[in-house]
Each structure stands twice: as C-alpha cells, then as structure tokens.
Amino acid sequence: METLHLVAPGDVITTDTGFMRGHGTYHSDDGKLVASVAGVVQRINRLISVRPLQSRYAGEVGDVVVGRIVEVQQKRWKVDTFSRLESVLLLSSINLPGGVLRRRSAQDELMMRTYFTEGDLISAEVQQVFSDGSLSLHTRSLKYGKLKKGCLITVPPSLVKRCKNHFHNMLCGASVIIGNNGYVWISSMEVDQEDQILLNPRDEPDTTREKDIAITREERETIARLRNCIQALVARKLTLFDTSIQYTFDASRGYEVKELLREDVMQEITEPARNID
Amino acid sequence: MATFSASERRKRTRGDRKSVETSLALRQMFESVIMRELYPQSKIDIYIQVLQSDGGNRCVSINAATMALIDAGIPLKDFVCASSAGYIEDTPLLDLNYLEETAGGPNLTLALLPKSNKIVLVQMDSRLHADHLEKVMNTAITGISRVHAILDRTVKEHLQKTIGTITA
C-alpha cells in the first residue's frame, strides 16, 4: 500500500510548477502548491487535489438526496441538504398529486404549502448544479416525494458509497434510503408501499390526507436497531451501503437495541462489515 | 465566557467590551485567512465558549477556532496560531496567566501565520518601552512556533487515525 501523503493547511505539497491545482490547494505567492485543508493528497496525472476528512455535501447530477424543506418561496422551495448553499426545489419539478401533467397555474402557487411545508422531509434527485454550487432538485418519479413515519439519521457524506440504487428494502422488513448527502431515512416497508401519491379523479392535492397506519412495536424496534447499526458504522468510519448495514444488523441480533450504543458492542458488530469492500 | 470559567463565579452580559473586542479581532483575522472566494453568498459562524480561564483567553480562542475550521474542512491559507507574552521585572514572559495579566505589566497578544510568518493580530495592553519590544515579540514568536508544532502534530495524528480505518 502506498504511503499516504497527509497534509495540514499551509503545508507545501510540491514546488514543481508543472502540476495543475485541484480542490483543497492554492498557489502561494512564490509559486509553490500549498494545501488549504487537512487531508490526503490525491494525484491524478498532473492534477493534485487534497481531499478533506469531512466537508459539506457537494452534489452531482443524478444523486439521490434526502432533504428538509426550510422555506417556501414564490415558485420554489428551499431545501436543506447539508450542502454549502441551500438546495432549490422548483414548483415545476415536483409531481402534482393525481399524476397530472399540466402547466403550473397561479392556483398551484398558492397551494404550495399544501404540497410541502417547512419541516417536511423529502427524497429527491439532483437535476442540475448551478454555477455557485447550489443544487436544483426534482421529485419527478413516484419513488421520490414526502417521507413519513420513519427515522432520520445524519452521517458524514464522505461515508456514503455511490451506488446504482439508493432505495433499499432490507430483509428485516424496513426500507432504507441512503441519501448521497448523508441524510439516511429509515422507515417501515409497509408504510412505504401504501403511502404513494394516490390517484384522485377530482385532481385535488391528496398529500394532506394521511392513512392511519399504526407502526407496531416490532417495526419500531427494527427501525431503532437499524439506526443504531448505522451509528456504529459511522463511529468506525466505515462506508455505508446496503450490504454493510445488513451485515451489521445481522451481527447485532444478539444484543438489545440500547446495548448497541456501547463502544465495545459497536466494535464487535461492525467487524463483518470491515472485511467487505 | 462560561460563568464558572474564572476563579470567581461571574455572569457575563452578552455585549461586554472584552468579548466584543475579541469577536471583532477574530472576525477580521479569519476574514483574511479563510478562502472566501469558494463560499459565495454564504456565512460562516464561529462559536467559542471558554470553559476554564486563567489568562490567555484571546490566544486560546484563536487557536481553537483554527482547529475547528480545519476539522470542518473549510479551506484556510494556513494555521493561525497565537500566544501572549509580557515583560515583568526585566524578564520577558511567555503565555501569561490571569495573575500576570492583571498585575499591570505589558500584555502582548500576537497571532501569526506560521508558514509565512505573517502577522495577523498584534494587541498590547499597558505600556512597554520600545527597547524591549523586540525581545517580547521574539518571545511570543517562539511560543507560537511551539503551539503550531503541537497543533500540526495533532491534526496529522487525527488524520492518520481516521484515514487508517476508512476503506479505500
């Protein structure tokens, strides 16, 4: 294994002027390439960049994110996705209830708060990245939309592995959405299947009507156990994806849910996940 | 400052002069060190609470804020390290405690960018003869290089420990 070049801000990476400057570096006054963050130096051909240990989520087109609505503006919502700037969800980027395709009218604008209001959690996909780095999201698919009756846990975005699919139905009966931005949503599988946006012939927004689904004690326990498993993986700085979560969950069956927060237990249950990947 | 931080329990009002002065100094300092071009239209908040105080509050706030910014992954031009120095009874002193600060002698706070030796903050209370200034400044600079060595080592050790457990 090659030795890792670890740097702190102000450290000179190289005095060779032939390299291009990537993220986390800058040119000092005398032409040297200096690190601006603390992390590992990555060299790809002639490009040098420094990857910091943790930073805010920098989105890319096609990423699946879980976000929280923080503001309702004129024709769009502002969403918190743990990025440097708040992400934007345009009114034209959501699926209207009833599955209709039509131009958004003034009435839709006035009804925005009935679709999503401040504090709601949504799953969405990144449609576009603006020049200042902020993201434009869309929920133009039935699998995206408002998230209900579950548990959110936030992890550092660097620990989330890039996968083809971010919506996982775990074998234990819960469903997990691992957002690329580090927001992970755990909910019961039955709720997810039944709580899709319903087709309403009268074309009225139906998202306000909540089906009265009771979550049983076992489901709550599964959700809590999954949450603690993810917490253990984060504490051990292991990448988060469906297989690692599943292995950790299986290893945790011997313990009570609250015991999973103990250091030694966390160490033990994350052992099988360490050896994969 | 926390109420229990000094030797006598004292409730501080929000806008007391010393905190406001320190906040302003910190703000000006970090405005020049943080690479703000990478954060258009954004605000970075730095919150500092002193839990135990025995002199050197300003210096420790600066050092702590630097570490916090590095931990957050915010790009900086360099570390900002600070140290205090004084001059009592013909002896330059390094890193004054509370008694030495309030004794009435000169109290110099110096903050540097260690790699380029650029000064970002110089503050002094009381009076100091110009002849002694260089001696006291050099004492402070020695202190700063020691602080920088410790901060740098801690950052690298933390990196080593964390990177070691991240797979690929």
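Keep in mind that what you see is a predicted model, and the values were worked out from it rather than measured.
- For A:Arg46, the CZ atom counts as densely surrounded, since its 6.0 Å shell holds more than 12 non-hydrogen atoms of other residues, nucleotides or ligands.
- Between A:Asp29 and B:Lys77 no salt bridge is recorded (no basic side-chain N to carboxylate O distance below 4.0 Å).
- No other option in B:Val155, B:Thr66, B:Ile70, B:Leu113 has as many heavy-atom pairs under 4.5 Å with chain A as B:Ile70.
- The environment of B:Glu37 atom CD is dense: over 12 non-hydrogen atoms of other residues, nucleotides or ligands sit within 6.0 angstrom.
- Put simply, OH on A:Tyr26 and CG on B:Leu76 are 9.0 Å apart, with the number rounded to the nearest 0.5 Å.
- Using a distance-only test at 3.5 Å, with no hydrogens or angles considered, a donor-acceptor pair links the side chain of A:Gln54 to the main chain of B:Asp71.
- Ranked by heavy-atom pairs shorter than 4.5 Å toward chain A, the options B:Gly73, B:Pro75, B:Pro114, B:Ser116 are led by B:Pro75.
- Other residues, nucleotides and ligands place more than 12 heavy atoms under 6.0 Å from the NE2 atom of A:His138.
- Under a cut-off of 6.0 angstrom, the local environment of CD in A:Glu263 is sparse, with at most 12 non-hydrogen atoms contributed by other residues, nucleotides or ligands.
- Atom CZ of A:Phe82 sits in a crowded spot, with more than 12 heavy atoms from other residues, nucleotides or ligands closer than 6.0 Å.
- Contact of the A:Asp11 side chain with the B:Lys156 side chain is registered, since non-hydrogen atoms from C-beta on lie closer than 4.5 Å.
- For a residue to count as touching a neighbouring chain, one of its non-hydrogen atoms must lie under 4.5 Å from one of that chain's; by this rule A:Leu6 touches chain B with backbone and side chain alike.
- By number of non-hydrogen pairs under 4.5 angstrom with chain B, the leading residue of A:Ala38, A:Ser36, A:Gly39 is A:Ser36.
- Distance check: A:His5 NE2 to B:Leu159 CG gives 11.0 Å after rounding to the nearest 0.5 Å.
- Residue B:Ile74 touches chain A through its backbone alone, counting heavy-atom pairs closer than 4.5 Å.
- Around atom CZ of A:Phe130, more than 12 heavy atoms belonging to other residues, nucleotides or ligands sit under 6.0 Å away.
- In this structure, chain B has a heavy atom under 4.5 Å from the backbone of A:Val7, while its side chain stays farther away.
- Most heavy-atom pairs under 4.5 Å with chain B: of the set A:Pro9, A:Ala35, A:Pro52, this distinction falls to A:Pro9.
- When each of A:Thr25, A:Val12, A:Val37 is checked for heavy-atom pairs under 4.5 Å with chain B, A:Val37 comes out on top.
- A 6.0 Å sphere centred on CG of B:Asp131 holds more than 12 heavy atoms belonging to other residues, nucleotides or ligands.
- Around CZ of A:Arg162, the count of heavy atoms belonging to other residues, nucleotides or ligands within 6.0 Å exceeds 12.
- Using a 4.5 Å cut-off between heavy atoms, B:Phe79 touches chain A through backbone and side chain atoms alike.
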